[in-house]
There are 2 protein chains.
Amino acid sequence: MKNTVRPPLGGFSTAFLLAQVGAHAAARFAERLEAVGLTPPHAGVLRVVNTSEGMSQQALGEILRVLPSRLVVLIDELERRGFIERRDHPTDRRSYALYLTPAGREVLQRVGRAAREHEDALCAALTTTERAQLGGLLRRIADEQGLARGVHPGFSRMRASK
Amino acid sequence: MKNTVRPPLGGFSTAFLLAQVGAHAAARFAERLEAVGLTPPHAGVLRVVNTSEGMSQQALGEILRVLPSRLVVLIDELERRGFIERRDHPTDRRSYALYLTPAGREVLQRVGRAAREHEDALCAALTTTERAQLGGLLRRIADEQGLARGVHPGFSRMRASK
DNA sequence: TATTGTTATACTCTATAACTATA
DNA sequence: TATAGTTATAGAGTATAACAATA
């Protein structure tokens, strides 16, 4: 009767669950990306460059909230692997214009497939309507909290593929 | 008409939202802990030791999935600040028995208050019933994915208070 | 011989500052 | 003078290995 296990502070709170499940989701997705040979930051760069090609590294860094010095190495790696191209900027010779290569577009499609499989595996416990319901609730929280769409704060540390 | 912004891969998926909102929740909570003078790992240690006092560092590390070498410094810090005590283990002289001090219990209550305020702020966009609904859906995902209750994977890197 | 806690060390990731070339 | 990209360096966080005391 004594020594009953009391709910560990926050152990059942929605906020804690959110952080816990969110970290799990990010980790599982990073694993799938690893199979494609990418890290989450790499995928983020490809994803954003794809949405508006020709952007500068500066602009990219502001969208992704990644430091310029870090972007250099990320883009170096993606360029070396033939996924992205640094072309001369038409008017400003200080900056580059970033473009995806055909191989880059290809790998981005593989990322898309991985994302769909990930989504399916992650929400296996829920019905289709429940998934939509969950998505709606999360969307409203994200908007109210002022989170930018499609920007993941804290890309962070998952093992690179070399 | 051309150049329409296509949904950035995964930008609207539930899994991405989950990771995004989850990271946001963790970051905001870490900020509140900072005001109490703790980091998330510190709070995790206090929380678990509180649920079953007298446990060894080994046992604690297994529950929190924290390496023994890291636990040493975490507990050192908590002990130095008078929140936790290393007593002699009654039967095994190799290990310690961990206990909260009165000050430790006090600070844990402040953590609890911070958690409740955090929850409120985070879910401000939702009604009470919607919060419960969200909690239920997350709970089912967490259980199906095999996540241990009350264990946050990836405590990780938030600024320490000194 | 195995285990608990500890220390020392290496490795990764992220952040800061200094440098160049252009504007 | 300010900005884009780069390089070099330092810092924090995490993991690995070796060690002393005890089982």
Rounded to whole Å, NE2 of B/His42 lies from P of D/dA12 at a distance of 14 Å

Between CG of B/Leu67 and P of D/dA17 the distance, given in whole Å, is 12 Å

Discussion item. Salt bridge or not between A/Glu31 and A/Arg28? Use side-chain N to carboxylate O under 4.0 Å.
Written reply: yes

For DNA chain D, consecutive-pair runs of 3 or more (Watson-Crick or G-U wobble, both H-bond-type distances under 3.5 Å) give C:1-23 with D:1-23

Taken in chain and number order and not counting sequence neighbours, the residues that satisfy salt bridge (charged side-chain N to carboxylate O under 4.0 Å, His left out) with A/Glu62 are none

Distance check: side-chain N/O of A/Gln58 vs OP1/OP2 of D/dT3, anything under 4.0 Å? no

Rounded to whole Å, the OH-C1' distance (A/Tyr96 to D/dT3) equals 15 Å

B/Gln57 CD to C/dT3 C1', in whole Å, measures 13 Å

With sequence neighbours left out, the residues meeting salt bridge (charged side-chain N to carboxylate O under 4.0 Å, His left out) with B/Glu106 are none

- For residues A/Gln57 and A/Tyr96, determine if any side-chain heavy atom of one lies less than 4.5 Å from a side-chain heavy atom of the other. yes

note: B/Ile75, atom CD1; C/dT6, atom P; distance rounded to Å ~ 7 Å

A/Arg70 atom CZ is separated from D/dA8 atom P, nearest whole Å, by 19 Å

Exercise for review: In plain terms, say whether A/Arg94 and A/Asp88 are close enough for a salt bridge, that is, a side-chain N and a carboxylate O under 4.0 Å apart.
Suggested key: no

Taken to the nearest whole Å, CG/B/Leu64 to C1'/D/dG13 is 17 Å

Residues of residues 85-95 of chain B with a heavy atom under 4.0 Å from any atom of DNA chain D, listed by number, are B/Thr91, B/Asp92, B/Arg93, B/Arg94

Atom CE of A/Met55 and atom P of D/dG5 are separated, to the nearest Å, by 10 Å

Q.
Any base atoms under 4.0 Å from B/Ser56, or only sugar-phosphate, or nothing? Heavy atoms, all strands.
A. sugar-phosphate

The side chain to side chain donor-acceptor pair (under 3.5 Å) partners of A/Arg105 (sequence neighbours excluded) come to A/Glu53

Is any N or O donor-acceptor pair between the side chain of B/Ser69 and the base of D/dT14 shorter than 3.5 Å? no

Across all chains, not counting sequence neighbours, the salt bridge (charged side-chain N to carboxylate O under 4.0 Å, His left out) partners of A/Glu85 are A/Arg87

Query raised in the report: If you measure from the Lys or Arg side-chain nitrogens to the Asp or Glu carboxylate oxygens, is any gap between B/Glu130 and A/Arg140 under 4.0 Å?
Result: yes

The residue, A/Leu71 or B/Arg65, whose nearest nucleotide of DNA chain D is more 5′ is A/Leu71

- Is A/Asp143 salt-bridged to A/Arg139, going by a charged N under 4.0 Å from an acidic O? yes

